[in-house]
Every structure is written in structure tokens, then in C-alpha cells.
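Quick notes on the structure that follows.
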Amino acid sequence: MGSIAPSLAELDASAVKVTRSTNLRDVPLPGSAEELSHSYCTDHMVTARWTATNGWEAPEVRPFENLSIPPTASCLHYATECFEGMKVYRGYDGKLRLFRPDCNGERLVNSAKRSSLPGFRYEELKRLIAKLMQIDGPRWLPKDQPGRFLYLRPAMIGSGPHLGVQKPKEALLFVIAVPWPDPAKKQTDQPGVPYGLKLYASQPDTIRAWPGGFGYAKLGANYGPSLVAHSQAQELGFDQVLWLFGEDRQVTEAGASNFFIVWENKESGKLELVTPTLENQLILPGVTRRSVLELARTRLSQAVGKLAPVDVVEKQFTIDDIQQAWKEGRIVEAFVCGTAYFVTPIRLIRNGDVDMNMQEAGAERAGYSTQIKSWLEAIMFGMKGEESHEWGYVIDNETEQ
Ligand code: PLP
Ligand code: COI
């Protein structure tokens, strides 16, 4: 008779153990140094431990504190780490909402798989975050201050003590919540010049991702090695690197955000909203990217106010295509999108010694990013008419401290 292998425990948010902090932190004001530091966390955090022998232990919501891991921990040596970026929004109807949290849960599971970390039923992530926000929400996002949000950082690390090169036998999932500056509050640094990011096209000697690699997964290992190019771009006065790939210098993504351009198609003369395809797995499948595409496909197939209808296209294109369109005055606008940067217009792209102004030729026809941003905002903050949109996940049962 063979023995039956014991089944590993699933991650189960309903088994969560809650320990409340008795030492509450001051809540920073919007625009304060604490908020700008991107490092000041709320009173509590979620943790859940996994072992290869037993699976997931009961998760906890517990007072925020530093983690303790052995110096031999897998994540410190072999980059067994993945993460997510989400926000929790205080709605104009007083409710707390997450935006499409199952998309983040599913992506975290995919990223975990790519770095040999354990999976879980992705719906459990939103339930754990809801538990955390039922406790921290009322004080950190007061009901009488609609329009505010916190940045949420779910992450998983290989935490076991085995220095031998192998799949981690222990892992830790955690979620922290961080007050975050509002990207919309950033004003232009030049009076009279409309706000927009300046992107620096990457040089052929540095690439972010490659076919067969892991550009599509949200692994810390994608970010650390990109910071040299990022800081060089910043020293030159740019906000983000526009990452290019391959001999033909295909456009991929912009720093920690996805890239969109609205232009007139050279052949058809039709107006297109274009973003790089996910097909070759070079770029992160952004939740905001997906939402922009879905909204544009349903709401911009006909004119909206002064905005003409657009074809919505996911395809490969190169920096030369952008440069040609710019020379020919075919660019209407360009923007980036992502959780942290939300939807932000691009002012300028530098490619070698060519500076391309994205807000020049098509200015009169522009306004797509502003329109899309306001549609998304309405869903995230439960504004009139969008209170029950299926992308908003309402967190009920908030409990005062
Ligand atoms: N691309 C990269 C490399 C990112 O880090 C992010 C941010 O998460 C995005 C794109 C946008 O993804 P999302 O819209 O899911 O935040
Ligand atoms: C996000 O938009 O959530 C990101 O991951 C960006 C972050 C690396 C600051």
C-alpha cells in the first residue's frame, strides 16, 4: 500500500489572525516629507508564511514592523522576489475601493511562478487587503476626505535559510500600505509649458528585457538592473527611460509604466491609439494598460466631445516610426499609464540627438489621455454613475481603532 502524500494547505484569507497595534503612528499630511519619502507605512501589515512541507500557514494582519530573515535567505542571493503595485481609494460616496484587484492577484501568482515561489488562489489577495484596510482605512483615508488613496505593495520573497542553489523551501507573502504623492499634483517645472513627462530613449547597450526572459513578470530582478540607466536619464533632466528592444529598436515600455501614442496611421490616414503588443512577453501586462484599451475600445469607437473616434491597436512599432510620424506632424499625443504614475501625458522624447515634442502638432486634436484618465478616476473613486462599476471592489465593514 502506498502512502498518500499530505496535501499542502491553501492560502486562506478567512483564517486570518488579527493583532491590533497599540502604538498608532501619526498619519502624514498630503504633500508632507513623510508622504514624499515613499517609505512611511500604515499601522498594520499582512504576512503569510509558506513552507514546502505544509503549504500556507494562517495569514496575519499585525502591527507594522521590520521583517526578520536569515542572511542566507534565498531572496537576498538569488532574487527570488516578486511584487505588485495597487492602490486603495477613498470614494466620493465614502466607500473604500480596490481597482480590479483580481488582475493584480493573478499577475502576482504568474510572477511567483516565474521565480520559483509558491502560488495561491489569487482571490485571497484581495480578501487579505480588504482585512488590512478595514483596520487601517478609517484613520489613513478618512471618510470626509474623498479623492485620497494609499499605495499598496503586496510582495513575496524566498525567505528560507538554504544557501544552496535551489527552489525556495520557505516563502513570505506580505502587504504593506504607503501614503503616496498624487502624480496629478506635480506641476510643470517651466511656466507656460503644459505638464508632461520627458522620456529618454534607451541606448542599444542597455536592454530591460529579452525574449525568453521575464519582462512580463513583476520581479524585483527587472528593476534593480534598470536603475543605472534610470538615474543617468534623471541626471540629464528626464523623468523615465523609454525602453527600446532589438536591432530595429522596438518601443516597449517607459520606466515603470506602459506606453501609448495617438497618431495618424501613415497608410490609412486613420487616427489610432497604439500600444506595444504583449505577444513577445517583453513588457509588463499592466492593469491600467488593459483598462485603457478596454475603455478606449468601448467608448472611443465614436466621437466623444471634440475627440474623434480612434482605432485601438496593439502592435509592434519602433522609435523610427515615432520619429517619422513626428517629422510628418502625425502625432496627436502620447502618454504613459500605470498604478503609480496613473495616466500621465508625455511632453518630450529624446532619441539620440533628436528631441521630439509630443504636444505640438496635434495639440488641437489632443485630449484622449485626459478623457481616459477621468473615466478611470470615476470608477476608482466611485463617482456619480460609476459607483457600481464591476472594476471597483468595495471594502465594507471598516472598523474604527
Ligand atoms: N510596466 C512596468 C515595468 C511597471 O512597473 C508597471 C507598474 O506596475 C507598469 C508597466 C504598469 O502596470 P500597472 O498598470 O499594472 O500598474
Ligand atoms: C506601480 O505602478 O505600481 C509600480 O510598480 C511602479 C513602482 C515600481 C513605483
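Small disclaimer: the values here were computed from a predicted structure and weren't measured. In listed order, ligands and their atoms are each counted from 1.
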ask   = Do you know the tightest heavy-atom contact between A366 and K306?
value = O-NZ, 2.8 Å
task = Apply the salt bridge (charged side-chain N to carboxylate O under 4.0 Å, His left out) test between R100 and each candidate in E390, E106, E294; give the one that qualifies.
result = E294
inquiry  = Does ligand 2 come near enough to K218 that some N or O of the ligand is less than 3.5 Å from an N or O of the residue?
reply    = yes
task = Would you please classify the geometry between the F381 ring and the Y89 ring as parallel, tilted or perpendicular, with 30° and 60° separating the classes?
result = perpendicular
Protein contact to atom 6 (C) of ligand 2 [nearest heavy atom, distance to 0.1 Å] = A256 CB, 3.6 Å
message = For F149 and F99, I'd like to know if the aromatic rings sit close, meaning centre-to-centre distance below 6.0 Å.
response = no
inquiry  = Which residue and atom name correspond to the protein heavy atom nearest atom 1 (N) of ligand 1, and how close is it?
reply    = E253 OE1, 2.6 Å
ask   = With atoms numbered from 1 as shown, which atoms in ligand 1 lie under 4.0 angstrom from a non-hydrogen atom of V287?
value = 13 (P), 14 (O), 15 (O)
ask   = Non-hydrogen atoms of Y341 versus ligand 1: any pair closer than 4.0 Å?
value = no
ask   = With only distance considered, is A340 within less than 3.5 Å of ligand 2 through an N or O on each side?
value = yes
key: Test item, R208 contacting ligand 1 (heavy atom, 4.0 angstrom)   = yes
request  = Classify the angle between the aromatic ring planes of W140 and Y40 as parallel (below 30°), tilted (30 to 60°) or perpendicular (above 60°).
outcome  = tilted
message = Tell me whether K17 at atom NZ has more than 12 heavy atoms from other residues, nucleotides or ligands lying less than 6.0 Å away.
response = no
message = Looking only at the side chains, is there a donor atom on one of S257 and Q240 sitting less than 3.5 Å from an acceptor on the other?
response = no
inquiry  = Restricting to non-hydrogen atoms, name the atom on H230 and the atom on D239 that form the minimum distance, rounded to 0.1 Å.
reply    = CE1-O, 3.4 Å
task = Report yes or no: does a heavy atom of R107 sit under 4.0 Å from some atom of ligand 1?
result = yes
inquiry  = Let's go through E170 and R49 carefully: what are the C-alpha distance in whole Å and the side-chain angles of both, what is the deciding distance for salt bridge (charged side-chain N to carboxylate O under 4.0 Å, His left out) to 0.1 Å, and is it a yes or a no?
reply    = CA-CA 7 Å; E170 289 175 32; R49 196 168 162 266; 3.4 Å; yes
inquiry  = For ligand 2, which is the ligand I care about here, please tell me if Y151 has any N or O atom under 3.5 Å from one of the ligand's N or O atoms.
reply    = yes
query = In the protein, what heavy atom is nearest to atom 7 (C) of ligand 2, and what distance, to one decimal place, separates them?
reply = R153 NH2, 3.7 Å
message = Distance under 4.0 Å to a non-hydrogen atom of L284: what atoms of ligand 1 satisfy this?
response = 1 (N), 2 (C), 4 (C), 6 (C), 8 (O), 9 (C), 10 (C), 12 (O)
Minimum heavy-atom distance M358-A334, with the two atoms named = SD-CB, 4.0 Å
Which residue and heavy atom of the protein sit nearest atom 5 (O) of ligand 1, plus the separation = Y223 OH, 2.5 Å
key: Top protein contact for atom 14 (O) of ligand 1, by heavy-atom distance   = T288 OG1, 2.5 Å
note = Between P154 and L108, the two heavy atoms sitting closest are CB-CD2, 4.3 Å
request  = Give a yes or no on this: more than 12 heavy atoms of other residues, nucleotides or ligands lie within 6.0 Å of atom NZ of K315.
outcome  = yes
query = Do any heavy atoms of A254 fall under 4.0 Å from ligand 1?
reply = no
request  = For atom 6 (C) of ligand 1, grab the closest protein heavy atom and report residue, atom and distance to one decimal in Å.
outcome  = A256 O, 3.2 Å
ask   = Given that the side chain starts at C-beta and the backbone is N, CA, C, O, which of these parts of R290 lies under 4.0 Å from ligand 1, counting heavy atoms, or is it both or neither?
value = neither
message = If the test is side-chain hydrogen bond (donor to acceptor under 3.5 Å, both in side chains), which one of D321, D320, N351 qualifies with R249?
response = N351
request  = Identify, for atom 16 (O) of ligand 1, the protein heavy atom at the shortest distance, and state residue, atom and that distance.
outcome  = T339 OG1, 2.6 Å
task = Have a look at ligand 2 and work out which part of H38, if any, has a heavy atom under 4.0 Å from it: side chain, backbone, both or neither.
result = neither
key: Heteroatom distance test (K218, ligand 1): nitrogen or oxygen, under 3.5 angstrom   = yes
remark   = atom 12 (O) of ligand 1 sits nearest the protein heavy atom G286 CA, 3.3 Å
remark   = Logged contact type for S257 with ligand 1, heavy-atom cut-off 4.0 Å, is backbone
message = Quick check on contacts: which atoms of ligand 1 are under 4.0 angstrom from a heavy atom of G338?
response = 11 (C), 14 (O), 16 (O)
